[in-house]
Amino acid sequence: MTDAELRADFCIVGGGPAGLTLALLLLRSGASVTVLERSRSLDREYRGEILQPGGSALLDALGVLEGARERGGHEHTGFEFADRGRVLLDADYRRLPGPYNHLLSLPQRHLLEELLKKCGEFDSFTYLPGCRVGELLRDDRQTVCGVVAGGGARVVRAHCVVGADGRYSKVRALAGLAARRQEAFERDVLWFKLPAAGAERPRVRISRAGGNPVLVYRSFPDSVQVGWTLPHGGYRAVTDRGIGHARDEITRAVPEYADLVAEHLTSLSDMSLLDVFTQEAVDWATDGLVLIGDAAHTHGPIGAQGINLAVQDAVVLHPVLMTSLRTGDAGAEVLNRFVRARRPAVRKVMRFQALQSKAMLSQHPVAARVRPRIAGLVSRTPMYRSILRHVAYGDPGVALADELFVHR
C-alpha cells in the first residue's frame, strides 16, 4: 500500500454533520474511519443551523454539544407564525421537558469544529479535506470497496463506503442510485444576514403581510438571519424589478427591520438563492455502500429538520455498520436494515413539512381566509402538543447504541 492509498474499516464521503457524527460513533466503537471532504476548510457557506431538541439531546449524549455551544450560539424559546402583525401560531418550546426545551441556533461550523476535534483524538481517524471523489472502487462481485479521489491521486479502500455528501451527492450519482425530486414546497428562498438590532425576539419567526413570507431568527455572533421566500422560479421576476422592489417586499413583512434592510441590502448579490425541493433516493443502499443525510433524502427549511435528521441517520446507521464489520458482510441486505428503520420516519417528516409549507406559505386566497381559523383551532387542542413533540423530537426511539463504545 502506497502513501496515496489508505485502508480503513469505513470510508465516509462528506464532512458535514451526518458524516462526522457517524465517524465519531464508529471511532468510539473501535473502528478505523477515513473522511473525505471536498472543501479545503470550514470557511464555506452554511444555511442550516437550527437544532431541534431531539438533535441537541443526541449530540449532548455524544459529548459534543457543550463544546460546540461554547463557540457561540443562541437559544430560541419557540417558533411563531405571524400574518399582518397578528401572531396566529406560537409554538412555545418551554412546554417541553428540560433541559432541551428550546431551539438552538448553532453555527454549523461550530458543530463541525467540535466533531472534528473529538474525531481527531483517535489515531484510527484520517481526515482528507480538499478531496473530490471521482470514482468508486468495486471488487469482482461489483461490491463497492472504496473510492478514488483527487483525480486518481488518492485511493481509499474500505469495508463499506458511506455517502454523506449532500443534496447533490457525487457518491449517489457514481453508484447509479436514482433520486426522485419533488416540488412539494413550490418555493425558493433568498438568504441574507443583517446586524442584530438590539433586543431581538426570542423566537424563530415566519412573518407575512400579504406578499411572500419572510423567515427571521437571531444568529451568531450578532446578526439576524433572514430568508425571503419566493414562488419556485420567482427569482427572475425579482431581478427584473430590482433591489428596490425586493427591499419594499421584505420590509412589508418585517417592518421592524426596515432601516437595517435599507442600509445593508444594497444589491441582489447581497442575497444567496436556495433552490428548495424535496428529494429521496429510490435506493439508499447497494452492496458496499449506503447513503445518509441529504444524500439519501433532501428537505426544505420549514421546521428546521435537516441537521436533526442527519444526526439521527448517523445514530441509527452506527450499530448496523458495526454489525456489518463484525460479520464481514456489507451487502445491501444488511445495510437496508438501516433504510427500513429510517425511511418511514423520514417520509413522515417530509409529508408534515409539505403540510406546513402549504399552511404557512401559500398565497392562495382560500388559504389566506382559512389560515387564522385553522391556526387558532390547532393551538387550542390536544393535537398541538402532539405536533410540537413530533417537530421537536422526530422519531422518539432514536438513541445512541453506546453499549458498542470501547472508547468514551
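Scope of the values below: all heavy atoms of this structure, side chains included, with no hydrogens, waters or symmetry mates. Quick note: residue numbers are just sequence positions, from 1.
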Check your understanding: Side chains of Gln52 and Tyr93: is there a donor and an acceptor less than 3.5 Å apart?
Key -> yes
**Study point:** Basic-acidic side-chain contact under 4.0 Å: Glu66, Arg69
**Key:** no
Point to revise | His297 and His299: side chain donor to acceptor below 3.5 Å | key: yes
Review point. Got a sec: does the CD of Gln142 have more than 12 other heavy atoms crowding it under 6.0 Å?
Key: yes
Review point. Does a donor on one side chain sit under 3.5 Å from an acceptor on the other, for Ser56 and Asp60?
Key: no
Review point. Can you check whether Phe192 and His264 have ring centres sitting under 6.0 Å from each other?
Key: no
Review point. Salt bridge between Arg343 and Glu280, side-chain N to carboxylate O under 4.0 Å?
Key: yes
Exercise for review: Would you please say whether a donor-acceptor pair under 3.5 Å links the side chains of His74 and Ser219?
Suggested key: no
Check your understanding: With the threshold set at 4.0 Å, does a side-chain nitrogen-carboxylate oxygen contact exist between Arg109 and Glu113?
Key -> yes
Practice item. Look only at the side chain of Arg218 and the backbone of Val224, and say whether a donor-acceptor pair between them is shorter than 3.5 Å. Key: no
Revision key, fill the gap. Output for pair (Met271 CE, Leu273 CG), nearest 0.5 Å, gives 9.5 Å
Study note, to complete from the structure: When rounded to the nearest 0.5 Å, the distance separating CZ of Arg154 from SG of Cys131 is 6.0 Å
Review point. Side chains of Asp294 and Thr298: do they bring a donor and an acceptor to under 3.5 Å?
Key: no
Review point. Taking 4.0 angstrom as the limit, do Arg28 and Asp402 come out as a salt bridge?
Key: no
Exercise for review: Would you mind checking if Glu256 and Arg205 are paired as a salt bridge, meaning a charged N to carboxylate O distance below 4.0 Å?
Suggested key: yes
Practice item. In plain terms, say whether Arg38 and Asp165 are close enough for a salt bridge, that is, a side-chain N and a carboxylate O under 4.0 Å apart. Key: no
Review point. Once you round to the nearest 0.5 Å, how far does CG of Asp287 lie from OG1 of Thr143?
Key: 4.5 Å
Exercise for review: Assess the side chains of Asp9 and His159: does a donor N or O sit below 3.5 Å from an acceptor N or O?
Suggested key: no
Review point. Of the options Val147, Val148, Val35, which is the one that meets Val156 in a side chain to side chain contact (heavy atoms under 4.5 Å, CB included)?
Key: Val147
Review point. Does atom NZ of Lys193 have more than 12 heavy-atom neighbours, drawn from other residues, nucleotides or ligands, at distances under 6.0 Å?
Key: yes
Check your understanding: Is the CG atom of Asp123 crowded by more than 12 outside heavy atoms at less than 6.0 Å?
Key -> no
